[in-house]
Number of protein chains: 2
Amino acid sequence: MKKNCNFIEKLREVGLRPTKQRVKMCEVLYNRVKTFHFTINDLVKMLSEEMNQKISLATVYNTVHAFEKKGYLKEISIDSHRSYFDTNTSVHHHFFDEDTNELIDCDESDIDKINIRKNIIGKKINSVEVLVRVASDNQNQK
Amino acid sequence: MKKNCNFIEKLREVGLRPTKQRVKMCEVLYNRVKTFHFTINDLVKMLSEEMNQKISLATVYNTVHAFEKKGYLKEISIDSHRSYFDTNTSVHHHFFDEDTNELIDCDESDIDKINIRKNIIGKKINSVEVLVRVASDNQNQK
DNA sequence: CAACAGTTTAGAATTATTATAATGTAGATT
DNA sequence: AATCTACATTATAATAATTCTAAACTGTTG
């Protein structure tokens, strides 16, 4: 359970100071078996539950953005009201359950390789990501 | 140029009253050869330039959302800061140019059919959309 | 362990969006 | 065409989300 040394090193590696807030956030986000998705709101709740002292909202924003910039987190935007962060930072696809607002990772095998025929001159492709929106079968449409 | 009658009818068809603001918005959005993408901000600017009288911000929001709900517009969310509306409401794919913040529609032929292998029990697929992020070839990465 | 640079913090400021309540207007009714 | 009614528009206020600020604090370096 004391993998904090790893986090301290990891943070150093990307040039972020291992302050106690950042280490705590690493624990909350990465000390788990599976990667997962969260909103800023979710994270604030999780942190304030797990910590004895309170953490400032500004710090959560700053730290999440620092993590994102350094490639520790990836933003997945569903619509203007729903923006998630993903601890799985690889390029990968998602299902979005419109009933439960749940974002679900796809494995490599879930979606065949996407073949892009179009080529925009002078531009290179940075990423190709698919969002599959699903909803309950009975209560038709959204 | 006087296709307004069409707009009035179209609005009536989906149960929206053809008020002058709505008709004006239809003109600005749909009186063009190609479909296009815009933010609320873009639209407010376009409208205030094209109209003699000013239009309330609240009206723009209400009307855009009314159009979206009725299937006249489609929202495309790039990240938490960039949300576009698309006058092309069919399910289709996009390129996003990270240099210019420009959203570009894909034709059917640009991307091969996506094959989804995963099946979520009790859920049906509502849409499958691909976002291809591109950026300048020389100035590497973002 | 002193000094510095980067970090956290609370609260203020900013921005984007939505709600409110008064006024206006489209479309139906006469 | 005058009137009526329900829905729209408007300016403004309210709310929500995010960022800024400046002071206090804390890792890190030497």
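Per chain, numbering begins at 1; letters A, B, ... match sequence-line order.
- Relative orientation of the B:Phe67 and B:Tyr72 rings is tilted, given thresholds of 30° and 60° on the angle between their planes.
- Here A:Ser80 does not reach the OP1 or OP2 of C:dT17: none of its side-chain N or O atoms lies under 4.0 Å away.
- As a whole-Å value, the separation of A:Asp79 CG from C:dA16 P is 17 Å.
- As rounded to whole Å, 13 Å separates atom P of D:dA17 from atom CZ of A:Arg82.
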side-chain contact (heavy atoms from CB on, under 4.5 Å) between A:His94 and A:Leu131, worked out: CA-CA 5 Å; A:His94 291 96; A:Leu131 182 66; 3.9 Å; yes

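- Other residues, nucleotides and ligands contribute more than 12 heavy atoms inside 6.0 Å of the NZ atom of A:Lys24.
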Can you name the atoms? Protein N/O to nucleotides 10-15 of chain D N/O, anything below 3.5 Å, with the distance.
{"residue": "D:dT10", "atom": "OP1", "partner": "B:Gln21", "partner atom": "NE2", "Å": "3.2"}
{"residue": "D:dT10", "atom": "OP2", "partner": "B:Ser56", "partner atom": "N", "Å": "3.1"}
{"residue": "D:dT10", "atom": "OP2", "partner": "B:Thr59", "partner atom": "OG1", "Å": "2.5"}
{"residue": "D:dA11", "atom": "OP2", "partner": "B:Lys54", "partner atom": "NZ", "Å": "3.2"}

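- For the OP1/OP2 pair of D:dT9 and a distance below 4.0 Å, the side-chain nitrogens and oxygens of B:Thr19 include at least one atom meeting the criterion.
- The CZ atom of B:Phe96 sits 4.5 Å away from the OH atom of B:Tyr84 when rounded to the nearest 0.5 Å.
- Here the C1' atom of nucleotide C:dT23 and the NZ atom of B:Lys20 are 12 Å apart, to the nearest Å.
- Phosphate proximity of D:dT18 to A:Tyr61: present, with a side-chain N or O under 4.0 Å from OP1 or OP2.
- Close to D:dT9, at under 4.0 Å from its OP1 or OP2, lies no side-chain N or O of B:Arg17.
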Verdict with reasoning, B:Ile125 to A:Arg133, per side-chain contact (heavy atoms from CB on, under 4.5 Å): CA-CA 6 Å; B:Ile125 292 178; A:Arg133 289 170 193 268; over 6 Å; no

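- Summarising the geometry of B:Ser90 relative to B:His92, their closest heavy-atom pair is O-ND1, 2.5 Å, with the distance given to 0.1 Å.
- For the OP1/OP2 pair of D:dT19 and a distance below 4.0 Å, the side-chain nitrogens and oxygens of B:His81 include at least one atom meeting the criterion.
- Taking atom CG on A:Leu16 and atom P on C:dG6, their separation rounds to 12 Å, with Å as the unit.
- Put simply, B:Arg12 has no side-chain N or O that comes within less than 4.0 Å of OP1 or OP2 on C:dA26.
- A pairwise comparison of heavy atoms in B:Asn126 and B:Lys124 identifies OD1-NZ, 3.1 Å as the closest pair.
- Residue B:His65 places no side-chain N or O under 4.0 Å from the OP1 or OP2 atom of C:dT17.
- Summarising the geometry, the separation between CG on B:Leu11 and P on C:dA26 is reported as 13 Å, rounded to the nearest angstrom.
- With hydrogens and angles left out, the side chain of B:Arg22 and the base of D:dA8 share no donor-acceptor pair within 3.5 Å.
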